[in-house]
Student: 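Just dropping this structure here.
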Amino acid sequence: MPSLFGVAPRHGQTAIMAGRLINPHDGTVVPDAVILIDGDRITYVGSDRSRLPRAGHVIDWSAYTVLPGLIDAHTHISYSTDDAAGTKPWERSRELERPLLVELAERNALATLRTGVTTAIDKGGKKGIDFELRDSIHRGATPGPRLFVAGDGLWKGLPEEPRWPSASYGADEIREEIRQQVKEGVDLIKMWADHCSDRTLVCEQLFSREEMRAAVEEAHRLGKTIAIHAYHAETAHDAVLAGADSVEHPDALDSLTLDEMVRRGTTYVPTIDHNRYYRDRLDWFGYSDEVGEALAAFIERNLIAARKAHQAGVPIAMGSDAVFTMFGQNTRELGWFVRAGMTPLEALKAATVRGAELLGMEHELGAVAPGFLADLVAVEGDPLADINIVLDEVRAVMKAGVLVDMQTSDTH
């Protein structure tokens, strides 16, 4: 089997001794846990030390708390810049040649993996780099989280936003475009239903509810889930009623929309920390103080929306919306979730179980249990007392039974 850093899963059993194990899917905490692994799968979880193999490989994580591998439900791993002097990231990203963009995307993937994110859903790529990186990671040629990618997604072009591709769709064109994207190998469908973004926070809806419904129906007919980018409440409401599997970013969700999301099981991916990243780097992005004020206001609305969604019982998944140098900060969203009223355990569930459910892989990802992939994160401290432990104190990561090289000189 291909592996990271040339280290293949061992034949026979690998055992991990954990100081304690936290399983967010059912809330169990196992002290002095034993985890047995055969190849890339977990075969036993418990506290029976007599199960430790005499001839196998034993990893001592007894000083750490062990969690399931985390899932980032919203990234843009091919959005990169080399940060050349005098350049701005969005403009520079358009100028770079593809080989350098591939190299930078590989850097992003490794930085993400080292945070404990062993699986990521990439919701918008460029130049096919997300496909190439996904396949390279799968072969074991490139270290990174297992990727599920949406390619370019469905857009409608805007003259004032030159970095957005120009395209125009009606319902028939939407269905045809989805069929084409599925042929090209997307794992899911992404629809950009309004043109709100980091620097354009007052905007109009681009796709009607009927057009969104056409996209949802075609995606589901072809066995794909669909994520809809919807910065504002009206767009999110239409996306939910159209049947989206997840809505990304909305800064407000009214009670009717929340009720529908609970009834339908629609997942909310708030990406609160994404706009914090822009707000903290106004000069680098070339944004004005007015944009900074708009970003700060959006963050507060976004936080309130997440709090209301959590109180209503809406499924919430952790998504960083990472771009550029944000890779390596993928789990900062968890701090916002706790501020929104989640317990640390609920925040961990958003970073594991909910992402697995979005992928339809809840029996393989998001838990430490027999039959699941051996994706594990060791942290120093108690994340149930302080969620920042997951952000700042990751000591070891395993993906599919293979230890990740944690040595880095990167400054992400």
Side-chain angles (χ1 to χ4, degrees), residues 1-25 28 30 32-49 51-72 106 109-121 133-148 330 348 351-353 355-356 359 361-379 390 394-408:
M1 174 184 171
S3 61
L4 302 181
F5 302 105
V7 181
R10 293 172 179 265
H11 295 293
Q13 287 187 328
T14 294
I16 292 177
M17 297 188 300
R20 65 175 184 158
L21 167 67
I22 298 174
N23 239 334
H25 80 294
T28 57
V30 181
D32 298 320
V34 172
I35 305 164
L36 300 184
I37 299 162
D38 190 354
D40 63 353
R41 299 277 171 169
I42 297 167
T43 59
Y44 169 81
V45 178
S47 55
D48 184 357
R49 292 288 172 115
R51 300 287 297 266
L52 291 171
R54 294 181 179 178
H57 179 51
V58 178
I59 298 171
D60 186 0
W61 285 351
S62 56
Y64 305 135
T65 299
V66 176
L67 310 168
L70 308 178
I71 300 172
D72 189 339
E106 291 174 347
L110 180 54
T112 296
L113 183 61
R114 285 173 171 159
T115 68
V117 169
T118 52
T119 301
I121 309 175
L133 185 58
R134 174 196 65 187
D135 296 345
S136 181
I137 290 171
H138 180 71
R139 292 193 307 271
T142 302
R146 66 180 60 80
L147 284 180
F148 297 84
N330 302 67
L348 289 173
T352 53
V353 176
L359 291 165
M361 299 184 69
E362 59 268 34
H363 301 298
E364 295 186 87
L365 299 173
V368 182
F372 280 65
L373 285 162
D375 290 2
L376 304 168
V377 184
V379 299
V390 182
V394 173
R395 296 292 178 261
V397 178
M398 174 180 282
K399 177 192 162 193
V402 180
L403 289 171
V404 173
D405 183 351
M406 300 296 286
Q407 294 183 1
T408 177

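Only this structure's heavy atoms are used, side chains among them; waters, hydrogens and symmetry mates stay out. Start at 1 with the first residue, then count along the sequence.
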Student: Over all heavy atoms of both residues, which pair between Ile71 and Ala356 is shortest? Give the atoms and the distance, please.
Tutor: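 The pair with the smallest heavy-atom distance is CD1-N, 3.4 Å.
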Student: Is any side-chain heavy atom of Thr352 closer than 4.5 Å to a side-chain heavy atom of Leu67?
Tutor: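 A side-chain contact under 4.5 Å is absent here.
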Student: Could you check if a side-chain atom of Leu133 sits within less than 4.5 angstrom of a side-chain atom of Glu106, using non-hydrogen atoms only?
Tutor: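 Touching, per the 4.5 Å side-chain cut-off.
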Student: Output yes when a side-chain donor or acceptor of Asn23 lies under 3.5 Å from a complementary backbone atom of Val368, and no otherwise.
Tutor: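 It does hold such a pair.
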Student: Any non-hydrogen side-chain atom of Asp32 less than 4.5 Å from a side-chain atom of Ser62?
Tutor: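 The answer is no; the side chains never approach within 4.5 Å.
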Student: With a 4.5 Å limit on heavy-atom distance, are the side chains of Val394 and Arg114 in contact?
Tutor: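 The answer is no; the side chains never approach within 4.5 Å.
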Student: Does the side chain of Ile37 come within less than 4.5 Å of Leu376's, by heavy atoms?
Tutor: yes
Student: Is the closest side-chain heavy-atom distance between Glu362 and His25 below 4.5 Å?
Tutor: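 The answer is no, as the side chains (C-beta and beyond) never meet within the 4.5 Å cut-off.
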Student: Starting at CG of Leu147, measure out to CD1 of Ile137 and round the result to the nearest 0.5 Å.
Tutor: 4.0 Å
Student: If you define the side chain from C-beta out and look only at heavy atoms, does anything of Ile59 sit under 4.5 Å from Leu403?
Tutor: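 Touching, per the 4.5 Å side-chain cut-off.
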Student: If we check side-chain contact (heavy atoms from CB on, under 4.5 Å) with Val397, which of these qualifies: Leu70, Asp405, Val404?
Tutor: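 It is Val404; the other options fail the test.
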Student: Could you tell me the separation between the CE atom of Met398 and the CD1 atom of Ile16, rounded to the nearest 0.5 Å?
Tutor: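 Rounded to the nearest 0.5 Å, the CE-CD1 separation comes to 4.0 Å.
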Student: Just verifying a value: how many Å separate Thr14 OG1 and Ile42 CD1, rounded to the nearest 0.5 Å?
Tutor: 11.5 Å
Student: Mind jotting down which residue pairs meet the salt bridge (Lys or Arg N to Asp or Glu O under 4.0 Å) criterion with at least one end in residues 367-379? Sequence neighbours excluded, please.
Tutor: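 Sorted result for residues 367-379: Arg146-Asp375.
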Student: Does any part of the side chain of Val353, heavy atoms only, come nearer than 4.5 Å to the side chain of Pro68, both counted from C-beta?
Tutor: no
Student: Can you sort out the partners of Arg41 under salt bridge (Lys or Arg N to Asp or Glu O under 4.0 Å), two or more places apart, ordered by chain and number?
Tutor: Glu364
Student: Between Thr112 and Pro145, what is the shortest heavy-atom contact and its length?
Tutor: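 Closest approach of Thr112 to Pro145, heavy atoms only: CG2-CG, 3.9 Å.
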Student: So, applying side-chain contact (heavy atoms from CB on, under 4.5 Å) with Lys399, which one of Leu373, Thr119, Val377, Thr118 is it?
Tutor: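 Only one of Leu373, Thr119, Val377, Thr118 forms a side-chain contact (heavy atoms from CB on, under 4.5 Å) with Lys399, namely Thr118.
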Student: Restricting to non-hydrogen atoms, name the atom on Val66 and the atom on Ala18 that form the minimum distance, rounded to 0.1 Å.
Tutor: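 So the two residues come closest at CG2-CB, 3.4 Å.
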Student: Specify the closest pair of heavy atoms between Pro143 and Leu113, including all atoms of both residues, with the distance to one decimal.
Tutor: C-CD2, 4.3 Å
Student: Does the structure place the NZ or CZ of Arg51 under 6.0 Å from the centre of the six-membered ring of Tyr44, at an angle of no more than 45° from the ring's axis?
Tutor: yes
